[in-house]
Amino acid sequence: MNDLAIAVGAVASDVSRIGAVLGAAGVGLEGGGVWAGQARYLVADGAVAVAALDAAGIRATAAPALVVSLRADVPGEMGRMMSALHSAGIRVEAQYSDHDNRKVFVVDDVERARTVLG
């Protein structure tokens, strides 16, 4: 899975255009949202998504994402996960949820983060 990052200004119009471009390219969004002027979405094929957006004049980047189960019914689970990553010296660039109660992490070392989070 890949994290797709796109700068946005006018959220409704920008995300509408992003969604139309990605939809026309057959790229589905499996999680994500918009925060602080940046849209981030979980996609299966980051290269296809970036190419489609680039062709439409929209600058985007894609990076590997770690997707792990989130025990949402366990209070403090998110804090435990972030503490484990921090203690291991793993830099977290972004985190959000997908549509299947899983946590998405964009980190500087996906394989090490996978080991840390089990």
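Note that the structure is predicted; figures quoted are calculated from it, not measured.
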Check for me, please, whether Ile6 and Val11 land in the same ILVMFWY cluster - side-chain distances under 4.5 Å, paths through other members count. yes

Ser13 side chain to Ala10 backbone, donor-acceptor under 3.5 Å: yes

In residues 41-50, what donor-acceptor pairs under 3.5 Å come from side-chain atoms, sequence neighbours left out?
unit_1 : atom_1 : unit_2 : atom_2 : d
Asp45  : OD1    : Ala47  : N      : 3.1
Asp45  : OD1    : Val48  : N      : 3.1

Sequence-distant partners of Glu30, side chain to side chain donor-acceptor pair (under 3.5 Å), two or more places apart: none

Selection residues 14-29 - residue pairs positive for side chain to side chain donor-acceptor pair (under 3.5 Å), sequence neighbours left out: none

Run through the side-chain heavy atoms of Ile, Leu, Val, Met, Phe, Trp and Tyr, join any pair under 4.5 Å, and report what else lands in Val106's cluster. none

Mind checking who shares a hydrophobic cluster with Leu70, ILVMFWY linked at side-chain heavy-atom distances under 4.5 Å? Leu66, Val68, Met78, Met81, Met82, Leu85, Ile90, Val92, Phe105, Val107, Val110, Val116, Leu117

In a table with atom names and distances, give each donor-acceptor pair under 3.5 Å that connects a side chain of residues 52-61 to protein atoms at least two apart or in another chain.
none

Which atom names give the shortest non-hydrogen contact between Val104 and Ala65, and what distance separates them? CG1-CB, 3.9 Å

Any pair with a residue in residues 63-79 that passes side chain to side chain donor-acceptor pair (under 3.5 Å), sequence neighbours left out, goes on the list, sorted by first then second residue, please. Arg71-Glu77, Glu77-Arg80

With salt bridge (Lys or Arg N to Asp or Glu O under 4.0 Å) as the rule and sequence neighbours excluded, what pairs involving residues 85-101 come up? Arg40-Glu93, Asp98-Arg102, Asp100-Arg102

Asp109: salt bridge (Lys or Arg N to Asp or Glu O under 4.0 Å) partners, not counting sequence neighbours: Arg112

Tell me if the NE2 atom of His99 is crowded by more than 12 foreign heavy atoms within 6.0 Å. yes

Under 4.5 Å between side-chain heavy atoms, counting indirect links through other Ile/Leu/Val/Met/Phe/Trp/Tyr residues: same cluster for Tyr96 and Leu4 or not? no

